[in-house]
Student: 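Structure provided below as structure tokens; questions to follow.
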Amino acid sequence: MQTSTRNELLLERSRCAVWHPCTQMKQHETLPLVPIARAKGCWLYDFDGHRYLDAISSWWVNLFGHGDRRINTALAAQLETLEHVMLAGFTHEPVVLLSERLSRLTGGALGHCFYGSDGASAVEIALKMSFHYWRNAGMPGKTGFASLAGSYHGETLGALSVTNVALFKDVYAPLVRASARLPSPDWRQAEAGESPRDFAIRCADALARHLEAHHAETAALIVEPLVQGASGMAMYDAEYLRRARALCDRYGVHLIADEIMTGFGRTGTFFAHAQAGITPDFLCLSKGLTGGYLPLSAVLTRDEIYDAFYDDEISRGFLHSHSYTGNALACRAALATLDIFEHERVIEANQTKAAALQAAAREIAQHPRTRHFRNTGMIWAFEVDDDNPGFARRFFERALRHELLLRPIGNTVYFMPPYVISAEEIELLTGRTVEILGQV
Ligand SMILES: Cc1ncc(COP(=O)(O)O)c(C=O)c1O
């Protein structure tokens, strides 16, 4: 069969059989799906050999490129011994090793690791654990949660309750429990002359007022440290996290760090919260955890929290589960990912790469149509002046024609490339983005 026919057939079958995520399916009448036959490094290929530079790491999961030899080898070896066993009542080496290593990466401050399968399930786990901790600790009135304006923590009902993106939340409002929404320290909202740090302090003052009034009924504050991804790569000063930590300590409220997007070096340090010199009470991880290979999430907690569940009474335990909790293959992919970090000084190498991309993107930053060009670690974002509706879709389509996978959020275009992006690929990404800015 000719390859272009294979492309077309797959698209048609996909439209007939697959309900694609985060999509108004009718749009695919005019916006074709992109068939992917294989992938290698930063590139995705269709059956005809058309290629697309995966400049958003396949929804922010991929770290070391597609088809990484080291992760492939580790997975193949794991397949020969154990693919999966239920984790209730059983254990296995990959999950123990992974839990030990993740804990070490928090300096041992977060001693136990609970597993889920996706980011949203990690958020559900952290919310439930926080609530249940307070109940076990004799404070059953602490049932509320607080999150930031523009926060995104996933699409399941609990996660949606602390998500503040209208497009995803409003339809389901009758199903979703209310939570407190606090000002985001997103520095784009600072007043003229106000530094990102000063604005962060102003937002932390609002948090202080909220917790002073509501700490007795608040279980936890949940934040995306340093970068709020899904609402448009809002970036903020680490001072907010320092103050939030101090306020949560003062008022007896848990701090949940949702590092599902920001973890694993994305913001320039292994975990984003490290840039504030703080430790959260709960740390949610997913996406890059397996290098972008397999669905796995983890919630790490302080031992004091774990101890509050450790009891003769069954119902004081955390009776939450997912069938694939601690899947051995996914844990092995995660271990291979951590090996790469350990052996290859990834964080240092990323600094050089980030400097190169920043320099290559100078024309974008200075382009007359762009605003708020910003960067944290291996994330870049900017807004494009364009009042016509459908900007994101038009930009996405045009980018595909330029061999780029870019998926703007509203008028925000962002780059979140795999860490293996080369100097030539950086030039291609930034150069072609400038071309697209002149066309869309
Ligand atoms: C910060 C954050 N939390 C939670 C999630 C939800 O993760 P998942 O899509 O794996 O459920 C995401 C996904 O983009 C995210 O960016």
Side-chain angles (χ1 to χ4, degrees), residues 19-23 54 56-63 114-130 145-165 167-169 172 176 179 181 184-186 220-236 240-241 244 255-267 271-273 280 282-300 320 322 324-325 327 330 333-334 376-379 381 405 407-410 412 414-416:
W19 198 334
H20 289 266
C22 204
T23 299
D54 189 356
I56 60 164
S57 296
S58 285
W59 253 351
W60 323 344
V61 300
N62 192 288
L63 301 186
F114 195 99
Y115 290 90
S117 22
D118 294 285
S121 62
V123 170
E124 299 288 337
I125 288 162
L127 297 177
K128 282 177 71 179
M129 262 186 188
S130 172
F145 297 103
S147 60
L148 301 181
S151 59
Y152 181 86
H153 298 289
E155 308 278 352
T156 52
L157 292 178
L160 261 190
S161 75
V162 287
T163 286
N164 291 303
V165 180
L167 181 65
F168 303 135
K169 185 167 181 172
Y172 304 103
V176 173
S179 68
R181 179 170 56 192
S184 162
D186 168 8
L221 165 72
I222 181 166
V223 294
E224 294 158 85
L226 298 185
V227 184
Q228 296 182 284
S231 61
M233 303 299 151
M235 299 182 183
Y236 63 87
Y240 185 83
L241 296 173
L255 179 63
I256 303 173
D258 175 350
E259 296 238 17
I260 287 161
M261 187 275 277
T262 55
F264 302 95
R266 228 354 124 182
T267 66
F271 294 129
H273 67 260
F282 297 90
L283 174 61
C284 300
L285 304 172
S286 188
K287 292 199 185 271
L289 175 58
T290 62
Y293 265 64
L294 286 162
L296 180 71
S297 62
V299 179
L300 283 91
H320 179 104
H322 299 283
Y324 282 103
T325 291
N327 174 265
T376 301
M378 290 294 282
I379 308 171
L405 165 47
R407 207 168 180 273
I409 302 169
T412 304
Y414 68 92
F415 304 148
M416 209 192 282

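Given the structure is predicted, the values throughout are model-derived calculations rather than measurements. Both ligands and their constituent atoms are indexed starting at 1 by order of listing.
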Student: Answer yes or no: are there more than 12 heavy-atom neighbours, outside Tyr324 itself, under 6.0 Å from its atom OH?
Tutor: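 Atom OH in Tyr324 is not crowded, with 12 or fewer foreign heavy atoms closer than 6.0 Å.
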
Student: Students often mix this up, so state it plainly: with edges at 30° and 60°, are the rings of His322 and His320 parallel, tilted or perpendicular?
Tutor: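 Because their plane-to-plane angle is over 60°, the rings of His322 and His320 count as perpendicular.
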
Student: For the side chain of Asn164 and the backbone of Leu148, is there at least one donor-acceptor N/O pair under 3.5 Å apart?
Tutor: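 Yes.
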
Student: Starting from atom 11 (O) of ligand 1, what is the nearest protein heavy atom, named by residue and atom, and what distance separates them?
Tutor: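 The closest heavy atom on the protein side is Ala120 N, 2.8 Å.
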
Student: Could you tell me if Asp54 and Ser58 have a donor-acceptor pair between their side chains, going purely by distance under 3.5 Å?
Tutor: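 Asp54 and Ser58 do have a side-chain donor-acceptor pair below 3.5 Å.
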
Student: Of all the non-hydrogen atoms in the protein, which one sits nearest to atom 12 (C) of ligand 1, and at what distance?
Tutor: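 The answer is Tyr152 CE2, 3.5 Å.
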
Student: Using ring-ring contact (aromatic ring centres under 6.0 Å, His included) as the criterion, list what pairs up with Phe145, not counting sequence neighbours.
Tutor: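 So Phe145 forms no ring-ring contact (aromatic ring centres under 6.0 Å, His included) with any residue.
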
Student: What residue and heavy atom of the protein are closest to atom 3 (N) of ligand 1, and at what distance?
Tutor: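 Answer for atom 3 (N) of ligand 1: Asp258 OD2, 2.6 Å.
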
Student: Would you confirm whether any non-hydrogen atom of the protein falls under 4.0 Å from atom 9 (O) of ligand 1?
Tutor: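 Protein heavy atoms within 4.0 Å of atom 9 (O) of ligand 1 - there are none.
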
Student: Please step through ring pair (Phe, Tyr, Trp, His ring centres under 6.0 Å) for the pair Tyr152 and Phe168, ending with a clear verdict.
Tutor: CA-CA 9 Å; Tyr152 181 86; Phe168 303 135; 5.6 Å; yes

Student: Do the side-chain N and O atoms of Gln228 and Ser184 include a donor-acceptor pair separated by under 3.5 angstrom?
Tutor: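 A pair is found: one side chain offers a donor N or O, the other an acceptor, under 3.5 Å apart.
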
Student: Among His153, Lys287, Glu155, which one puts a heavy atom closest to atom 4 (C) of ligand 1?
Tutor: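 The nearest heavy atom belongs to His153.
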
Student: Answer yes or no for Trp60: is there a heavy-atom contact with ligand 1 below 4.0 Å?
Tutor: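 Yes, Trp60 has a heavy atom closer than 4.0 Å to ligand 1.
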
Student: For ligand 1, which atoms sit closer than 4.0 Å to a heavy atom of Gly154?
Tutor: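 Answer for ligand 1: 4 (C), 6 (C).
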
Student: Among all protein non-hydrogen atoms, which one is nearest to atom 7 (O) of ligand 1, and what is the separation to 0.1 Å?
Tutor: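 Protein heavy atom at minimum distance: Gly119 CA, 3.2 Å.
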
Student: Does ligand 1 have an atom that lies less than 4.0 angstrom from a heavy atom of Gln228?
Tutor: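 No, Gln228 has no heavy atom closer than 4.0 Å to ligand 1.
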
Student: Atoms of ligand 1 less than 4.0 Å from Met261 heavy atoms?
Tutor: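 Reading through ligand 1 atom by atom, the close ones are 16 (O).
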
